Amino acid sequence: MHAYIDYEALFAATPSPCLVLTPELVIVEANQCYSDTTGRTREELVGRYMFDAFPTEHDAGLRGSRSLETSVRRAAVTRQRDIQGPMKYDIPVAGRPGEFEERYWSTITSPVLGSDGEAMLFVVRTEDVTAFVTHRAKEDPERYQAMEAELFARAKELHEINEELRRAYARERRVALTLQQAMLPAIDLEQRDDVAVRYLPSVDSLHVCGDWYELIELDEKRLAVAVGDVVGHGLSAAGVMGQLRSALSTAVQSLAEPAPALQALGRYALSVEGALASTAVQAVIDRSEQKITYSCAGHLPPVLLQPDGTVDFLDQATDPPRGLRTPGEPRPQAEQHYASGATLVLYTDGLIERRGEDIDDGLRRLADSVGRHSGLDPESLADRLLADLGVAGGAADDTALVVVRL
């Protein structure tokens, strides 16, 4: 027995196609068998986002890509390997741009745990089962029987793991729903026709997300409204979100102005693990003066729709996210007057951001949609915005949306 084993060489020589991914689905390693199976060299794979290396143009309904994302998330939550049955995911033909080849895959995702017990990497073992699924393997009976045995074994193990996952998810879902109920704003939205909110977790999440909203009546003339975004999804992000939302709520009620409230929140966020780079926008609406005072901490600008159809972004008080600015430096604050009947829209990045697209494109789509539906009430406008921006049925990122008729 040799004392030293070259694990890098061992991985490279593994006879099954294997890929190593980060939690963000960035490829950090691929063995030779994976390259041979997909027709992609290691240099074409390593360092790239999974679905940039293998585009989703021919992934109908994004079923294949979502299946892999879900598998990684489950492996992260359970800290156990996750097995996926055969799924269709066509891949580009090497050397022939624009051409795709029909492929079916079966995967096993295994988490690599760090010293803190959390998944830091994922080893994805992938088998090309195209021949088995399309029955072409009957021309090679020996290979067909081997695939059949492999898939049967995986199906049996998948059933056992899924039973365990169902129990785990049932527990987490109860916790998630309890969290969500506890985090709803104190203001009774059902009794108001001037406000509409939408709260959409990312696809396949536990019905609770890191995005949040808050509305507080400071007095009979002033309404404070905010939205925020915590990096990540699920229970850990929701826990951070709950702390930040409560802290900002307390701060704005005490200080009554957006910038000082965000300043206080920034100091508090330094003591909250996972709060780094979280963003928020806080606005205070003064009905008596028909004025909005606002401040943004690294967040996307609110949209103001005037009664005449004019659409403006409130982008004159934007600052870096909490934890990424000079301590003690005052946050900017700006004011914007509005006419009676105007509409204010606050949102998180899940509404407009799309992978591979400039964020200005999403902002233009949002402004266009707001302008085209200027005559709608808040509830109807919220629904139209979600539909126009393509997230009514859910998206890859969390989304919070608040619409206020002024």
Side-chain angles (χ1 to χ4, degrees), residues 61-62 66 180 184-185 187-205 207-215 223-229 233 279-283 285 287 290 292 294 296 299-315 336 338-406:
L62 300 180
R66 285 179 177 173
Q180 188 175 20
L184 289 176
I187 194 169
D188 187 358
L189 296 175
E190 292 185 359
Q191 303 302 315
R192 307 183 64 118
D193 58 8
D194 61 334
V195 176
V197 300
R198 297 293 184 270
Y199 184 71
L200 306 176
S202 63
V203 175
D204 299 323
S205 76
H207 302 285
V208 66
C209 62
D211 291 8
W212 52 272
Y213 65 90
E214 178 68 283
L215 295 102
L223 172 69
V225 55
V227 296
D229 186 357
H233 310 283
T279 68
V281 55
Q282 176 73 65
I285 301 166
R287 304 182 188 92
Q290 293 189 316
I292 301 168
Y294 66 94
C296 297
H299 203 83
L300 294 165
V303 179
L304 178 63
L305 170 67
Q306 296 283 11
D308 63 1
T310 302
V311 177
D312 294 311
F313 285 104
L314 305 188
D315 56 5
Q336 175 69 50
Y338 63 87
S340 180
T343 301
L344 180 66
V345 179
L346 290 82
Y347 54 96
T348 56
D349 57 9
L351 181 67
I352 67 162
E353 286 190 354
R354 303 294 178 265
R355 180 171 293 279
E357 179 183 83
D358 192 293
I359 194 171
D360 288 338
D361 294 333
L363 290 171
R364 279 191 289 269
R365 278 198 304 273
L366 175 59
D368 178 66
S369 179
V370 170
R372 284 190 292 108
H373 304 301
S374 59
L376 297 180
D377 62 87
E379 286 289 336
S380 300
L381 178 57
D383 289 337
R384 289 311 314 164
L385 292 180
L386 294 179
D388 289 353
L389 275 295
V391 298
D397 197 7
D398 307 329
T399 301
L401 172 67
V402 179
V403 180
V404 183
R405 178 60 47 83
L406 306 173

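Note that the structure is a prediction, hence the values are computed from the model and not measured.
For the atom pair CG of L300 and CG of L314, the computed distance is 12.5 Å after rounding to the nearest 0.5 Å. Taking CG of L351 as the start and CG of L389 as the end, the distance is 4.0 Å to the nearest 0.5 Å. Annotation: the span from E353 atom CD to D361 atom CG amounts to 11.5 Å, rounded to 0.5 Å. Remark: S369 OG to R364 CZ distance equals 15.0 Å, nearest 0.5 Å. Taking CG of L363 as the reference point, atom CD1 of I352 lies at 4.0 Å (rounded to 0.5 Å). Distance OG/S374 to CG/L381: 9.0 Å, rounded to 0.5 Å.
Inter-residue side-chain proximity for R198 and L385 is flagged as unmet; no heavy-atom pair is nearer than 4.5 Å. In this structure, V227 and D211 have side chains that are not in contact, with every pair of non-hydrogen atoms separated by 4.5 Å or more. With a 4.5 Å cut-off on side-chain heavy atoms, D349 and T279 do not count as touching.
Taking both residues in full, the closest heavy atoms of V281 and L346 are given as CG1-CD2, 3.7 Å, listed atom of the first, atom of the second, then distance. When every heavy atom of A196 is checked against every heavy atom of A382, the shortest pair comes out as CB-CB, 4.2 Å. Looking at every heavy atom in both residues, V391 comes nearest to G350 through CG1-O, 3.8 Å. For the residue pair D229 and W212, the shortest heavy atom distance occurs at N-NE1, 3.9 Å. A pairwise comparison of heavy atoms in L376 and R384 identifies CD1-CG, 3.5 Å as the closest pair. A pairwise comparison of heavy atoms in T348 and A400 identifies OG1-N, 2.8 Å as the closest pair.
Between the side chain of Q282 and the backbone N or O of A224, no donor-acceptor pair lies under 3.5 Å.
Under 4.0 Å is where a charged nitrogen must lie from a carboxylate oxygen, and between D368 and R365 no such pair does. Electrostatic pairing of D193 and R405 does not count as a salt bridge here, judged by no charged N lying under 4.0 Å from a carboxylate O. Salt bridge status for R192 with E379: absent, with no side-chain N to carboxylate O gap under 4.0 Å.
Classified by interplanar angle (parallel below 30°, tilted 30° to 60°, perpendicular above 60°), the ring pair Y347/H299 is tilted.
No option in D383, V197, V345 other than V345 meets the side-chain contact (heavy atoms from CB on, under 4.5 Å) test with L401.
Within a 6.0 Å sphere centred on CG of D315, heavy atoms belonging to other residues, nucleotides or ligands number more than 12.
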- Message: Could you walk me through whether L406 and I292 satisfy the side-chain contact (heavy atoms from CB on, under 4.5 Å) test, starting with their C-alpha distance in whole Å, then the side-chain angles of each, then the deciding distance to 0.1 Å, before giving a yes or no?
- Response: CA-CA 10 Å; L406 306 173; I292 301 168; 3.8 Å; yes
- Message: Would I285 and V225 count as a side-chain contact (heavy atoms from CB on, under 4.5 Å) here? Give the steps.
- Response: CA-CA 8 Å; I285 301 166; V225 55; 4.1 Å; yes
